Amino acid sequence: MRAQWEASRPLMKRAWKQIVVSKIRMQEQVLACAGLPSARLKQLAGKVTSGDSSNVEAQAARFYWPLLMGIDFRRDSDSSGSNSLLNYGYTILRSAASRAVVAAGLHPTIGIHHSNRGNAFALSDDIMEPFRPLVDCCVRNIVHDQGTEVNTNAKMALTRLIAVDLPVEDSTTPLSLALVRLAASLGRSLESGELQLALPTTPGPVFLSSLGR
């Protein structure tokens with residue numbers, strides 16, 4: 001925690017860049033798996049700077065959501081339907097990320113990028129970012145197969161997501177453990193001053209098409 005508190009701003013900015021790039025690449029793969037145009041996201045991933053000062057993450061989101069969920073879709077945490085399913089999935093992912101942060105000896109309130117004083121889980125929100133598109137993909141499949149109701153089947157499908165085997169570096173590991181590995185690698189990076197994050201590898205179409213089913 002001392003290393004986390006005393007980490008240099010340049011190191012944290014480089015960490016956030018890697019996280020944003022990983023998230024956009026995951027979004028790109030989700031779109032490609034669904035047979036949707038994704039080349040724009042590949043271009044955007046290459047434009048992310050240290051700290052994402054140009055907010056490329058938001059540019060990617062504006063391109064990504066209408067393609068993935070429909071032209072009229074707007075991401076709104078207070079809305080029902082698909083948004084409610086996304087909220088449920090993100091809550092499960094956030095809980096797993098929070099456990100990973102604590103297991104790594106880090107404090108969840110000290111974020112890399114998220115820094116709202118009222119957010120007790122800022123770091124959890126940071127490290128879950130590369131995994132969010134997996135929830136998105138799962139929700140898209142659920143909506144396609146079952147509709148937008150947050151029923152027992154949908155909840156079970158989203159809960160199972162943290163147990164699926166995800167490629168990380170040269171092996172596979174359950175998503176929950178992939179979060180642990182990422183949090184632990186962040187802790188080591190903060191202590192050493194050398195950034196080496198264990199970010200997830202983008203999975204293939206067979207894996208993505210199976211989510212939520």
Side-chain angles (χ1 to χ4, degrees), residues 1-30 41-42 44-53 56-57 60 89-116 119-138 161-204 207-208 211:
M1 287 186 191
R2 185 179 295 111
Q4 182 184 7
W5 185 256
E6 295 175 351
S8 70
R9 195 63 200 150
L11 180 68
M12 298 297 252
K13 285 185 175 182
R14 292 198 304 274
W16 183 240
K17 174 185 176 179
Q18 289 190 15
I19 286 171
V20 171
V21 169
S22 179
K23 177 183 181 179
I24 294 174
R25 286 176 176 165
M26 192 74 80
Q27 290 174 325
E28 176 194 352
Q29 186 71 354
V30 167
L41 290 182
K42 186 174 183 178
L44 288 173
K47 294 182 177 180
V48 181
T49 58
S50 181
D52 190 22
S53 56
V56 176
E57 181 189 16
Y90 292 155
T91 298
I92 293 169
L93 185 60
R94 194 189 203 203
S95 297
S98 298
R99 291 192 293 271
V101 164
V102 173
L106 298 169
H107 201 291
T109 63
I110 306 171
I112 298 171
H113 175 75
H114 292 90
S115 58
N116 188 321
N119 183 1
F121 301 99
L123 184 57
S124 307
D125 290 339
D126 287 331
I127 71 164
M128 67 183 270
E129 289 293 341
F131 302 89
R132 279 180 179 264
L134 299 177
V135 174
D136 308 340
C137 183
C138 186
L161 184 61
I162 62 170
V164 299
D165 285 329
L166 186 68
V168 176
E169 296 176 338
D170 57 352
S171 63
T172 59
T173 188
L175 194 155
S176 58
L177 292 183
L179 283 163
V180 171
R181 291 180 64 171
L182 176 54
S185 70
L186 174 62
R188 290 191 297 271
S189 296
L190 295 175
E191 288 185 322
S192 68
E194 298 181 5
L195 191 61
Q196 292 184 327
L197 298 182
L199 291 161
T201 305
T202 52
F207 172 90
L208 292 172
L211 295 179

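Nothing here was measured: the structure is a model prediction, and the numbers come from that model.
Listed for the Gln27 side chain is no donor-acceptor partner under 3.5 Å among the backbone atoms of Leu41. Judged by distance alone, with hydrogens and angles left aside, the side-chain atoms of Thr109 form no donor-acceptor pair with the main-chain N or O of Ala120 at under 3.5 Å.
Of all heavy-atom pairs between Met26 and Pro203, the closest is SD-CD, 3.4 Å. Of all heavy-atom pairs between Leu199 and Pro130, the closest is CD2-CG, 4.0 Å. For the residue pair Met1 and Gly105, the shortest heavy atom distance occurs at CG-O, 3.4 Å. Across Ala97 and Ser124, no two heavy atoms sit closer than the pair CB-O, 3.7 Å. Annotation for Ile127 and Leu179: closest pair O-CD2, 3.9 Å, computed over non-hydrogen atoms. Closest approach of Leu134 and Leu211 over heavy atoms only: O-CD1, 3.7 Å.
The distance from the CZ atom of Arg94 to the CG atom of Asp125 is 4.0 Å, given to the nearest 0.5 Å. Atom CD1 in Ile112 sits 4.5 Å away from atom CG in Leu186 (nearest 0.5 Å).
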Query raised in the report: Are Glu191 and Arg188 close enough, and set up right, to give a salt bridge (charged side-chain N to carboxylate O under 4.0 Å, His left out), and what steps lead you there?
Result: CA-CA 5 Å; Glu191 288 185 322; Arg188 290 191 297 271; over 6 Å; no

Requested in this report: Tell me, with the steps shown, if Arg99 and Val180 meet side chain to side chain contact (heavy atoms under 4.5 Å, CB included).
Outcome: CA-CA 8 Å; Arg99 291 192 293 271; Val180 171; over 6 Å; no

Report task. For side chain to side chain contact (heavy atoms under 4.5 Å, CB included), just list the numbers for Leu93 and Leu175, CA-CA rounded to whole Å, side-chain angles, deciding distance to a tenth of an Å, and then say yes or no. Result -> CA-CA 9 Å; Leu93 185 60; Leu175 194 155; 3.7 Å; yes

Requested in this report: Check step by step if side chain to side chain contact (heavy atoms under 4.5 Å, CB included) holds for Leu123 and Phe121.
Outcome: CA-CA 6 Å; Leu123 184 57; Phe121 301 99; over 6 Å; no

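In this structure, Glu129 pairs ionically with Lys23, as a charged nitrogen and a carboxylate oxygen lie closer than 4.0 Å.
Under the 4.5 Å side-chain criterion, counting only non-hydrogen atoms from C-beta, Val101 is in contact with Leu106. Using a 4.5 Å heavy-atom cutoff, the side chains of Asp165 and Phe207 are not in contact. Looking at heavy atoms from C-beta onward, Met128 lies in side-chain contact with Tyr90 at the 4.5 angstrom threshold.
The environment of CZ in Arg132 is crowded: more than 12 heavy-atom neighbours from other residues, nucleotides or ligands sit within 6.0 Å.
A parallel orientation is assigned to the rings of Trp16 and His113, their planes being inclined by less than 30° (bins at 30° and 60°).
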